[in-house]
Amino acid sequence: MKLESLVCDIEYTLVRGSLDTEVSGVENDSRKVKEGVLFFCITGSVFDGHFYAKEVAGKKASVLVIEKDVELPEDSEITVIKVKSTRYAMGMISAAFYGKPSDRLTVIGITGTKGKTTTTYMIKSMLEAAGHKTGLIGTIESIVGDKVTPASHTTPESIVIQRTLKEMVDARLDSVVMEVSSQGLMLDRVAGISFDYGIFTNLSRDHIGPNEHKDFAEYLGWKAKLFTLCRIGIFNIDDGHCEDILKGHTCEMVTYGMKKGADYQAEDWKLFQKEGCLGIIYQLGGRYQEEVMVSLPGEFSVHNSLSAIAIAKEMGVPMDKILAILKDIHVKGRVELIPISESFTVLIDYAHNAVSLESILTTLKGYKPKRLVSLFGCGGNRSKDRRYEMGEVSGRLADFTIITSDNPRDEEPQAIIDDIKTGMHKTDGEYIEIIDRKEAIRYAIMHAKEGDVIVLAGKGHEDYQEIKGKKYHMDERDLIKEVLEEEDVTQICGYNNRYFA
């Protein structure tokens with residue numbers, strides 16, 4: 001492919017070489033460069049790709065894309081183009097190299113602080129029920145047909161996204177739903193993508209710090225950018241920041257929420273609890289009139305399901321298929337029910353900071369459990385404040401806390417637990433400490449009482465534990481199964497062995 005055909009959508013300066021240069025691939029990792037590849041010199045927080053310009057030229061890369069001057073060997077024949085932002089150029093050029101795959105898919109982007117992951121799976125399930133072949137790019141994984149790839153970023157680098165979208169086109173998929181993070185928007189990871197739909201879930205203080213956003217205003221501003229990139233925007237009008245997100249939007253507007261006047265409005269919502277399952281029921285108003293049952297707990301499930309319904313109906317999915325999906329929905333690691341008993345409830349959730357732990361515990365308290373049991377740990381090599389805060393939240397909201405290990409990394413698990421206890425001691429909450437996570441889960445199950453709700457918090461979809469620089473397989477679903485196989489399950493009230501059959 002000629003360079004000239006790859007740069008037609010960007011502004012650039014040809015520093016040396018020719019636009020007639022042939023390009024056989026695109027890369028931003030110098031270790032992967034081969035002869036004929038175009039290399040993007042990305043300025044990152046740790047590494048600067050411009051530093052590797054000589055190395056890449058020595059590997060006979062055909063083109064360098066730079067945003068600041070570099071030194072090259074005098075005898076190098078490499079072509080160099082200079083742009084204002086190599087990150088933006090990387091998205092646009094990668095899109096062109098892979099044949100602008102998003103133009104051949106219906107692309108749905110979801111942004112917000114919470115609810116993105118659950119909503120992507122809801123939408124994917126609904127679209128597939130209506131016959132759409134749908135891919136997914138998100139926090140947990142990317143899914144292309146039967147190919148599942150664990151995720152390292154909520155929104156991957158643009159080269160990876162464009163390559164994945166091309167795989168989806170090649171696999172004859174017709175749509176894709178993806179999480180779009182504020183970092184992904186700020187770092188132009190979604191440059192070159194044609195969004196058909198954008199969804200705004202909600203906004204709260206998060207991702208603010210030296211390596212993310214300098215303040216809340218910047219965080220909000222980058223979230224809002226999605227609605228200058230999509231054709232139709234679907235907005236949660238119950239969120240207090242919705243008006244600010246809408247400023248400058250260029251898309252058509254569809255609304256959802258509990259406020260009157262929403263295009264998709266939830267009325268008279270209530271909690272339900274049956275045989276260990278927690279969920280919600282509400283009346284759908286606005287454009288459609290239906291009773292909706294969602295097998296996920298809490299008020300946030302109202303909003304997540306409303307946004308998914310809105311997308312599905314905009315794309316022509318029959319209401320009966322939508323309702324059937326919501327009645328049986330589950331998302332790995334997001335208030336995920338593990339139905340081992342009809343007498344008590346076990347849930348796995350990714351809540352890994354004080355805000356998310358408070359949210360899930362407050363939600364579960366709404367079901368008035370006999371006891372609310374919170375099992376969690378905290379990661380090593382991270383802020384001690386998070387440990388204090390999570391300990392205090394659990395001590396205040398849970399009836400009983402089981403403090404255990406998460407990803408200790410380079411720290412001693414007991415030291416992390418001691419920090420969590422510092423927060424616990426600010427409350428009157430009862431607790432026990434059990435370092436080994438499997439043994440902590442065993443204790444929770446074997447001491448469960450009828451009517452208990454037990455939440456295993458912090459790991460969620462993660463299937464590993466990181467210790468001293470190594471990742472060891474550890475999936476809480478496997479741990480539960482092992483515990484049940486090792487114990488006399490007749491001692492567990494209403495044990496349901498069909499789940500692990």
Side-chain angles (χ1 to χ4, degrees), residues 102 105-112 114-138 143 173-180 194-202 226-227 229-239 242 245-246 249-269 279-296 299-331:
S102 67
L105 297 162
T106 298
V107 182
I108 303 156
I110 304 177
T111 199
K114 294 177 287 189
K116 298 189 297 296
T117 300
T118 299
T119 305
T120 56
Y121 284 91
M122 283 183 174
I123 293 170
K124 184 177 188 295
S125 297
M126 291 175 185
L127 295 182
E128 289 180 337
H132 288 281
K133 295 181 178 179
T134 306
L136 182 145
I137 300 174
I143 304 175
L173 273 58
D174 59 65
S175 54
V176 56
V177 56
M178 62 183 293
E179 297 182 49
V180 183
S194 299
F195 286 97
D196 295 283
Y197 300 94
I199 297 175
F200 167 63
T201 61
N202 52 65
L226 178 62
F227 304 100
L229 302 176
C230 64
R231 181 171 54 85
I232 298 174
I234 296 176
F235 300 90
N236 174 11
I237 60 171
D238 292 340
D239 189 85
C242 187
I245 290 288
L246 281 167
H249 78 279
T250 58
C251 58
E252 295 179 34
M253 183 176 171
V254 175
T255 61
Y256 69 93
M258 299 181 192
K259 288 183 180 178
K260 290 195 178 298
D263 296 313
Y264 295 85
Q265 182 188 353
E267 302 174 281
D268 302 325
W269 72 275
I280 54 161
I281 299 175
Y282 61 87
Q283 298 299 316
L284 177 64
R287 293 184 181 179
Y288 301 92
Q289 311 296 317
E290 297 284 352
E291 182 178 78
V292 179
M293 178 182 291
V294 186
S295 60
L296 292 172
E299 184 177 344
F300 52 78
S301 295
V302 176
H303 288 99
N304 292 345
S305 61
L306 282 173
S307 63
I309 291 170
I311 281 286
K313 289 308 300 177
E314 291 293 319
M315 291 183 63
V317 179
M319 185 60 78
D320 62 334
K321 294 186 182 299
I322 291 173
L323 297 177
I325 291 296
L326 292 175
K327 194 173 181 179
D328 196 36
I329 191 71
H330 73 279
V331 179

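- Here the closest heavy-atom approach between residue Ser102 and residue Ser194 is recorded as OG-N, 2.9 Å.
- Scanning both residues, Ile322 and Ala312, for their nearest heavy atoms gives CD1-CB, 3.5 Å.
- At distances below 3.5 Å, not a single donor-acceptor pair connects side-chain atoms of Thr119 with backbone N or O atoms of Ala308.
- Taken to the nearest 0.5 Å, the OG atom of Ser125 stands 9.5 Å off from the CG atom of Leu136.
- One distance of note links CG of Asn304 with CG of Leu326; it measures 10.5 Å at 0.5 Å rounding.
- Checking each of Ile245, Ile110, Thr111 against Leu226 for a side chain to side chain contact (heavy atoms under 4.5 Å, CB included) leaves exactly one that passes, namely Thr111.
- The side-chain heavy atoms of Lys124 and Ile143, taken from C-beta on, include a pair separated by under 4.5 Å.
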Side chain to side chain contact (heavy atoms under 4.5 Å, CB included) between Met258 and Tyr282, intermediate numbers included: CA-CA 10 Å; Met258 299 181 192; Tyr282 61 87; over 6 Å; no
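- In this structure the side chain of Val292 reaches within 4.5 angstrom of the side chain of Leu323, judged on heavy atoms.
- Atom CD of Glu179 is separated from atom OG1 of Thr118 by 9.0 Å, given to the nearest 0.5 angstrom.
- Remark: the Asn202 side chain and the His303 side chain contain no N/O donor-acceptor pair separated by less than 3.5 Å.
- Using a 4.5 Å cut-off on side-chain heavy atoms (C-beta onward), Ile137 and Thr120 make no contact.
- Nearest heavy-atom pair, Thr134 versus Leu173, reported as atom, atom and distance to 0.1 Å: C-CD2, 3.7 Å.
- No side-chain heavy atom of Thr201 sits less than 4.5 Å from a side-chain heavy atom of Asn236.
- A pairwise comparison of heavy atoms in Asp174 and His132 identifies OD1-ND1, 3.0 Å as the closest pair.
- The side-chain tip of Lys114 does not point at the ring of Phe300 from less than 6.0 angstrom away and within 45° of straight on.
- Expressed to the nearest 0.5 Å, how far CD1 of Ile309 lies from CD of Glu290 amounts to 9.0 Å.
- Note that CD of Glu128 and OG of Ser175 are 8.0 Å apart. Values are rounded to the nearest 0.5 Å.
- Ile199 is listed as a side-chain neighbour of Tyr256, based on a closest heavy-atom distance under 4.5 Å.
- Note: Thr250 OG1 to Leu229 CG = 7.5 Å, rounded to the nearest 0.5 Å.
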Residue pair Arg287, Lys313: steps toward the side chain to side chain contact (heavy atoms under 4.5 Å, CB included) verdict: CA-CA 10 Å; Arg287 293 184 181 179; Lys313 289 308 300 177; over 6 Å; no
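- The shortest non-hydrogen separation linking Ala262 to Gly257 is CB-N, 3.9 Å.
- Counting only heavy atoms from C-beta outward, the side chains of Ile108 and Leu127 approach each other to under 4.5 Å.
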Step-by-step side chain to side chain contact (heavy atoms under 4.5 Å, CB included) determination, His330 to Ser295: CA-CA 7 Å; His330 73 279; Ser295 60; 6.0 Å; no
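- Between Phe200 and Phe227, the two ring planes are perpendicular [angle over 60°; tilted spans 30° to 60°].
- The cationic group of Arg231 lies under 6.0 Å from the six-membered ring centre of Tyr197 and within 45° of the ring axis, placing it in a cation-pi geometry.
- The minimum heavy-atom distance between Ile280 and Ser301, with the atom names listed, is CD1-C, 3.6 Å.
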Verdict with supporting geometry, Glu299 and Asp238, side chain to side chain contact (heavy atoms under 4.5 Å, CB included): CA-CA 12 Å; Glu299 184 177 344; Asp238 292 340; over 6 Å; no
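- Side-chain contact check for Ile329 versus Val294: some heavy-atom pair is nearer than 4.5 Å.
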